[in-house]
Protein chains: 2
Amino acid sequence: MLIRTPAELGAVLRDRRKKLKLDQSTFAKRIGVSRQWVIEVEHGHARAELGLILRALDALDIRLDASTEQAPAREATRQAIDINAIVAKARKKKA
Amino acid sequence: MLIRTPAELGAVLRDRRKKLKLDQSTFAKRIGVSRQWVIEVEHGHARAELGLILRALDALDIRLDASTEQAPAREATRQAIDINAIVAKARKKKA
DNA sequence: TTGATATGTCAGCGATCGATGACATTTCTC
DNA sequence: GAGAAATGTCATCGATCGCTGACATATCAA
């Protein structure tokens, strides 16, 4: 999953947490933060601390890869793909 | 490149910035932060804001991928690899 | 050296973090 | 519906963010 915004990161964390059958409280304890922090981050809190985010990812066995990407040939490539993914995910949750 | 700590992220940002021939000032302006922020983040500042970090990565055309990894078969796999990499990098800088 | 450029350090400031604890709401299981 | 569990909201508080601006070191060329 490509991560471009805090909201996308929050969605990844939440999905993975649920997949692992953890509730926010036990997850928070596991990474040493408050439940409040988990709530805000899962909602896309943009000013969350980098270090805590990395700990959260690690606790959920999510690996982060940084790679320099080729210049995307097509104009809409980067943005369109992400927007579609976000919309699709949003729809899925409501329906 | 696998990102596991703020220091690793900082190193990635610095390397990429230099590869693109940007100095800290122009880079800072490009992402809308102070030069001070760039300095601290490149040095591994753990409490940097997630949103600014993502903007910095985007400005340097670094993409971030989140993926759930398989349970590593060997015991030491994950930790050992990273610790070695970090130590090696630290040594290289001093020498 | 002198000058130019890049990077690192410091102090002070307003804004916001994340923690805590209580309460509200939503989502289930009976 | 009753009750429990999970999630969301709110206010308060000390700690720290990132910004500014000035100064301090590199680093390199002439």
Side-chain angles (χ1 to χ4, degrees), chain A residues 3-62 64 68 86 89-95, chain B residues 3-62 64 68 86 89-95:
Chain A
I3 302 294
R4 293 179 67 64
T5 67
E8 286 178 351
L9 210 234
V12 167
L13 286 172
R14 161 159 295 203
D15 289 353
R16 181 68 175 154
R17 174 178 64 77
K18 293 209 161 180
K19 205 158 282 175
L20 296 181
K21 304 284 187 187
L22 297 173
D23 60 44
Q24 294 174 340
S25 289
T26 60
F27 177 44
K29 270 174 204 149
R30 188 168 300 190
I31 62 183
V33 299
S34 66
R35 190 170 68 88
Q36 179 73 3
W37 184 89
V38 173
I39 292 171
E40 288 177 358
V41 166
E42 287 188 350
H43 286 202
H45 182 45
R47 307 195 52 182
E49 289 183 13
L50 173 62
L52 299 182
I53 293 291
L54 293 179
R55 262 162 52 195
L57 290 168
D58 189 65
L60 296 178
D61 284 319
I62 298 171
L64 256 200
T68 80
I86 293 168
K89 185 160 291 185
R91 291 243 169 81
K92 215 157 84 176
K93 277 177 183 160
K94 294 206 170 176
Chain B
I3 304 293
R4 291 179 68 62
T5 67
E8 286 178 352
L9 210 234
V12 167
L13 286 172
R14 162 159 292 203
D15 289 353
R16 180 69 175 152
R17 173 178 64 78
K18 294 209 160 180
K19 205 158 282 174
L20 297 182
K21 304 284 187 187
L22 298 173
D23 60 44
Q24 293 174 342
S25 289
T26 59
F27 177 44
K29 269 172 203 149
R30 188 168 300 192
I31 62 182
V33 300
S34 66
R35 189 170 69 86
Q36 179 74 3
W37 185 87
V38 173
I39 292 171
E40 289 177 357
V41 165
E42 288 188 349
H43 286 208
H45 182 45
R47 307 195 53 182
E49 289 183 12
L50 173 61
L52 299 181
I53 293 291
L54 293 179
R55 260 158 57 193
L57 290 167
D58 189 65
L60 296 178
D61 284 319
I62 298 171
L64 256 199
T68 80
I86 293 168
K89 184 160 292 186
R91 289 242 169 83
K92 214 158 85 178
K93 276 177 184 162
K94 294 206 171 177

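Protein chains get the first letters and strands the later ones, always in sequence-line order, with residue 1 at the start of each. Predicted model, so just to flag it, every value in this text is computed and none were measured. Reckoned from all heavy atoms, side chains included, excluding hydrogens, waters and symmetry mates.
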Inset, instruction - Check whether any side-chain nitrogen or oxygen of A:Arg55 sits under 4.0 Å from OP1 or OP2 of C:dG18, and answer yes or no. - result: no
Legend entry - A:Arg17 side chain near D:dT7 phosphate (N/O to OP1/OP2, under 4.0 Å):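 Affirmative; the distance criterion is met.
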Length of the [atom1]-[atom2] vector between [X] and [N], whole Å:
| X | N | atom1 | atom2 | result |
| --- | --- | --- | --- | --- |
| A:Gln24 | C:dA19 | CD | P | 13 Å |
| B:Glu42 | C:dA6 | CD | P | 14 Å |
| B:Asp23 | C:dA4 | CG | P | 17 Å |
| B:Lys21 | C:dT5 | NZ | P | 16 Å |
| B:Phe27 | C:dT5 | CZ | C1' | 19 Å |

Inset, instruction - Please report the closest heavy-atom contact between A:Arg4 and A:Glu8, naming both atoms and the distance. - result: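 In terms of heavy atoms, the two residues are closest at N-OE1, 2.7 Å.
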Inset, instruction - Ignoring hydrogens and angles, tell me if any N or O in the side chain of A:Arg35 forms a donor-acceptor pair with the backbone of A:Gln24 under 3.5 Å. - result: no
Inset, instruction - Answer yes or no: is there a donor N or O on one side and an acceptor on the other, between the side chain of A:Arg14 and the main chain of A:Glu42, under 3.5 Å? - result: no
Calculate, to the nearest 0.5 Å, the distance between atoms [atom1] and [atom2] belonging to [X] and [Y] respectively.
| X | Y | atom1 | atom2 | value |
| --- | --- | --- | --- | --- |
| B:Leu13 | B:Arg17 | CG | CZ | 9.5 Å |
| A:Arg16 | A:Asp61 | CZ | CG | 6.0 Å |
| B:Leu54 | B:Ile62 | CG | CD1 | 11.5 Å |
| B:Arg47 | A:Leu50 | CZ | CG | 11.5 Å |
| B:Ile31 | B:Ile53 | CD1 | CD1 | 8.0 Å |

Inset, instruction - Work out how much the helix from C:dT1-D:dA30 to C:dC30-D:dG1 bends between its end axes, five pairs an end, to the nearest 10 degrees. - result: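 That helix gives 60° between its end axes.
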Legend entry - Footprint string (nucleotides 9-25 of chain D, 5' to 3'): B base within contact, S backbone only, - free, heavy atoms under 4.0 Å: BB-----SSSSB-----
